[in-house]
Amino acid sequence: MKKRTLLLTGVAAAAIATGAFADGHAPLKVGFVYVGPVGDGGWTYEHDQGRLAVEAHFGDKVETVFQENVPEGADAERAMTQMALQGADLIFTTSFGYMDPTIAVAAKFPDVKFEHATGYKRADNVSTYSARFYEGRAIQGHIAGKMTKTNKIGYIASFPIPEVIRGINSAYLHAKKVNPDVEFSVVWAYTWFDPAKEADAAKALIENGADVILQHTDSTAPQAAAAEAGGVITFGQASDMGEYAPLPRVSSIIDNWAPYYIQRVQAVMDGTWESVDTWDGIGPGMVGIGEITDAVPADVKAEAEAMRDAIAAGEYHPFTGPINKQDGSVWLADGEIASDGDLAGMSFYVEGMTGEIPN
Amino acid sequence: MDLSINPILLVASLMVASTPILLAAIGEMVVEKVGVLNLGVEGMMIVGAICGFAIAVETGSPAVGFAAAAIGGAILSMLFGFLTQYLLSNQVATGLALTLFGLGLSSLMGQSYVGIKPPSTPKLDIPLLGDIPVLGPMLFSHDLMVYVSLAIVAGVWGFLKYTRGGLILRAVGESHDAAHALGYNVILVRLAAIGFGGACAGLGGAYLSLVRVPQWTEGMTAGAGWIALAIVVFASWRAGRVLLGAYLFGGITVLQLNLQAAGVAIPVELLSMSPYLITILVLVIISSDRNRAALNAPASLGRAFHASS
């Protein structure tokens with residue numbers, strides 16, 4: 001009997017939207033599902049920094065749990081279900097491939113809030129959030145185009161999803177703008193995290209003449225391979241990767257999830273959480289540009305910083321027409337700016353790129 | 001189509017890419033030959049990777065690092081040996097647990113080694129042989145571990161085929177009861193093989209963290225141990241075929257990345273799955289001969305032994 005009363009009280013507390021938390025009841029439980037290990041030095045590392053920031057900010061008002069190395073696919077569903085059953089109130093699923101599992105699990109736990117990173121499917125209790133990494137890619141493309149001597153730029157891509165394709169196009173457009181002879185070779189690694197394979201891919205690109213390596217995979221292995229080869233520059237991906245500065249790493253894209261995570265946890269506590277789609281860039285601080293080292297000539301550095309500031313201020317959009325698709329058809333007319341919808345579903349290369357996007 | 005791939009560099013990077021799985025696979029082959037199925041290869045590799053990395057960084061000597069990796073892998077394998085041989089625990093479950101344990105232990109040990117550069121492993125400069133025009137840079141300009149791995153393969157092959165010790169080892173793997181009746185210490189022989197397997201896996205892991213990548217990252221083996229296990233089965237427990245399988249797998253992995261980098265117009269999906277497809281295909285074909293692959297499996301593989309039974 002007592003138990004039932006307790007349960008009812010619990011339900012009532014939940015119904016009046018978490019006023020209970022402030023009264024020193026059970027802390028809000030926040031779960032995180034990671035695709036790689038927290039020590040990958042890149043993508044997952046930054047998400048975990050966000051988790052730690054949540055803990056630091058809310059103290060004992062929250063309890064966080066995480067599971068690392070969760071493969072994309074059926075196993076992800078198991079991991080999320082387990083977290084929901086353990087009483088998590090809010091679950092962040094931090095990889096594109098968790099999209100369908102997140103939607104499926106969310107349907108089974110309508111009272112649990114879900115936040116899926118980089119996806120495009122939402123539900124009443126599923127929000128999506130991502131960062132405009134392509135803004136950072138534009139700056140990398142600019143530096144790469146200016147600094148390459150062989151005019152060959154290697155790109156280690158992970159999976160052929162819009163997020164990755166956007167990055168390639170953005171970097172290519174801006175490299176091409178300052179260096180019309182530039183060529184991109186893209187290697188699809190079909191993994192987010194496999195240091196040995198990433199290192200092999202970097203070596204293959206370098207052996208084929210690339211002297212700039214851009215990566216969209218999560219480990220620092222390509223940085224190590226570039227350092228070993230010498231005469232090659234790289235950019236930190238997702239995390240600063242500053243231990244490889246000043247060379248080969250000359251700059252980086254840093255994901256800063258902490259403010260968003262804190263804001264969303266707060267929203268659950270206040271009972272104001274709603275399903276939204278957040279896509280922030282350099283301006284709001286979700287994308288950071290790591291320090292541009294002295295290995296970059298001063299004038300190039302100044303141009304890159306000017307571009308960063310223009311993007312942050314909203315004066316410049318990396319996808320501003322005229323831009324044609326790879327097949328020569330017009331995508332954006334002169335002065336036209338790409339819509340978010342177009343960007344979110346981007347599945348084509350821009351004009352000048354060689355090779356095909358795998359299906 | 002621009003075939004700008006340099007075959008010399010390709011063969012050279014093939015040998016480097018294959019060495020970790022070759023080392024792990026040849027060690028596991030010996031373990032399976034003695035009738036023990038150790039699924040903890042991945043765990044022993046990653047512990048070897050961090051042991052080797054940490055010691056190489058602390059001492060500044062990659063050679064000491066590799067020795068430490070072998071010892072680290074062997075110690076971890078002894079845990080498996082103790083559980084399965086003395087406490088007669090289930091080998092499959094224990095092996096899986098060993099992998100999970102190894103992954104966790106290694107990230108704990110590696111906390112303070114993220115982002116550090118290891119001392120570089122020198123490439124051998126073999127006089128004469130290294131000066132041969134094409135073959136020199138292809139085959140004779142690697143670091144010592146590449147040749148050590150080949151020597152281990154040759155040694156294992158010779159040991160199993162020509163020595164009394166090899167015969168005892170195989171006898172234990174085929175029928176532990178018969179070997180026991182003949183007065184051989186089944187458990188001791190198995191522990192020795194498990195230790196050897198652990199040391200080899202440790203060396204393979206250290207090759208990843210000290211030469212192939214070279215850095216320490218959590219979970220950096222990323223499934224290499226499982227590939228090694230598969231190669232042992234497809235190689236139908238023969239040393240020569242383990243070498244073939246490992247080089248084939250490593251070679252095609254490197255080749256497909258090079259083909260992509262060179263912009264060859266073959267669908268990427270095909271290229272990405274080619275290492276798995278071709279390795280399986282070739283090893284299936286060569287093992288479908290008169291000696292069927294299944295007959296090559298050690299008869300006591302995976303079975304627990306207790307002297308009283």
Side-chain angles (χ1 to χ4, degrees), chain A residues 36-42 44-45 68-69 71 152 154-157 159-160 183-210 218-225 227-228 239-244 353-359, chain B residues 2 4-6 8-10 12-14 16-17 20-21 49 100 103-104 106-108 110-111 113-118 120 207-209 211-224 250 253-273 275:
Chain A
V38 294
D40 69 351
T44 298
Y45 174 79
E68 51 187 351
N69 289 318
K152 277 193 175 178
Y155 204 110
I156 305 170
F159 294 95
E183 273 178 48
F184 267 43
S185 352
V186 180
V187 168
W188 297 95
Y190 278 96
T191 178
W192 288 112
F193 177 81
D194 182 345
K197 196 168 188 185
E198 293 169 48
D200 285 347
K203 282 180 202 158
L205 287 163
I206 294 166
E207 282 168 12
N208 276 282
D218 299 347
S219 88
T220 47
Q223 314 278 332
E228 181 107 331
S239 190
D240 193 37
M241 303 190 178
E243 58 269 26
Y244 290 94
M353 281 291 298
T354 51
E356 276 174 42
I357 300 173
N359 297 314
Chain B
D2 170 30
S4 60
I5 298 170
N6 184 337
I8 296 175
L9 288 175
L10 185 72
S13 45
L14 172 167
V16 170
I21 40 175
L100 295 177
L103 286 169
S106 65
S107 49
L108 182 69
Q111 290 290 326
Y113 290 96
V114 174
I116 293 179
K117 282 175 209 148
S120 75
Y207 194 80
L208 267 179
S209 63
V211 182
R212 190 169 164 209
V213 173
Q215 65 176 10
W216 164 249
T217 311
E218 266 180 48
M220 67 181 302
T221 45
T253 305
V254 171
L255 179 66
Q256 72 98 356
L257 291 171
N258 270 283
L259 286 173
Q260 282 198 48
V264 175
I266 302 173
V268 176
E269 299 88 330
L270 276 182
L271 288 175
S272 301
M273 63 177 151

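Below, chains carry the letters A, B, ... as their sequence lines are ordered, and counting in each starts from 1.
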*CD (A:Glu183) with more than 12 external heavy atoms under 6.0 Å*: no
_Is A:Gln223 in contact with chain B via its backbone, its side chain, both, or neither, using a 4.5 Å heavy-atom distance?_
neither
*asked:* Testing the basics here: between A:Phe193 and B:Ala222, what is the closest heavy-atom pair and its distance to 0.1 Å?
replied: O-CB, 4.1 Å
*May I ask you to decide if B:Thr253's main-chain N or O and A:Lys197's side chain share a donor-acceptor pair within less than 3.5 Å?*
no
_Quick check on B:Ser13 against chain A: is it the side chain, the backbone, both or neither that has a heavy atom closer than 4.5 Å?_
side chain
*To the nearest 0.5 Å, what is the distance between CG (B:Leu9) and NZ (A:Lys203)?*
12.0 Å
*Measuring from A:Asp200:CG to B:Leu255:CG, what's the distance to the nearest 0.5 Å?*
12.0 Å
*Side chain, backbone, both or neither: which part of B:Gln256 has an atom under 4.5 Å from a heavy atom of chain A?*
side chain
*Contact summary for B:Arg212 and A:Ala199, nearest pair of heavy atoms*: O-CB, 3.9 Å
*Heavy-atom pairs under 4.5 Å with chain B, option from A:Tyr155, A:Trp188, A:Tyr190 with the top count*: A:Trp188
*Who wins among A:Ser185, A:Pro37, A:Ala225, A:Ala202 for the most heavy-atom pairs under 4.5 Å with chain B?*
A:Pro37
*asked:* Distance check, rounded to the nearest 0.5 Å: B:Leu100 atom CG versus A:Asn69 atom CG?
replied: 10.5 Å
_Could you work out, with side-chain hydrogen bond (donor to acceptor under 3.5 Å, both in side chains) as the rule, every residue matching A:Tyr45, not counting sequence neighbours?_
none
*Heavy atoms only, distances under 4.5 angstrom: which of A:Thr191, A:Ile156, A:Asp194, A:Thr220 has the most pairs with chain B? Name it, please.*
A:Thr220
*Determine yes or no for a side-chain-to-main-chain donor-acceptor pair under 3.5 angstrom, with A:Glu228 supplying the side chain and B:Pro214 the backbone.*
no
*Would you name the heavy atoms of A:Val38 and B:Glu218 that are closest together and state the gap between them?*
N-OE1, 3.9 Å
_side-chain contact (heavy atoms from CB on, under 4.5 Å) evaluation trace for A:Glu198 with B:Val213_ = CA-CA 8 Å; A:Glu198 293 169 48; B:Val213 173; over 6 Å; no
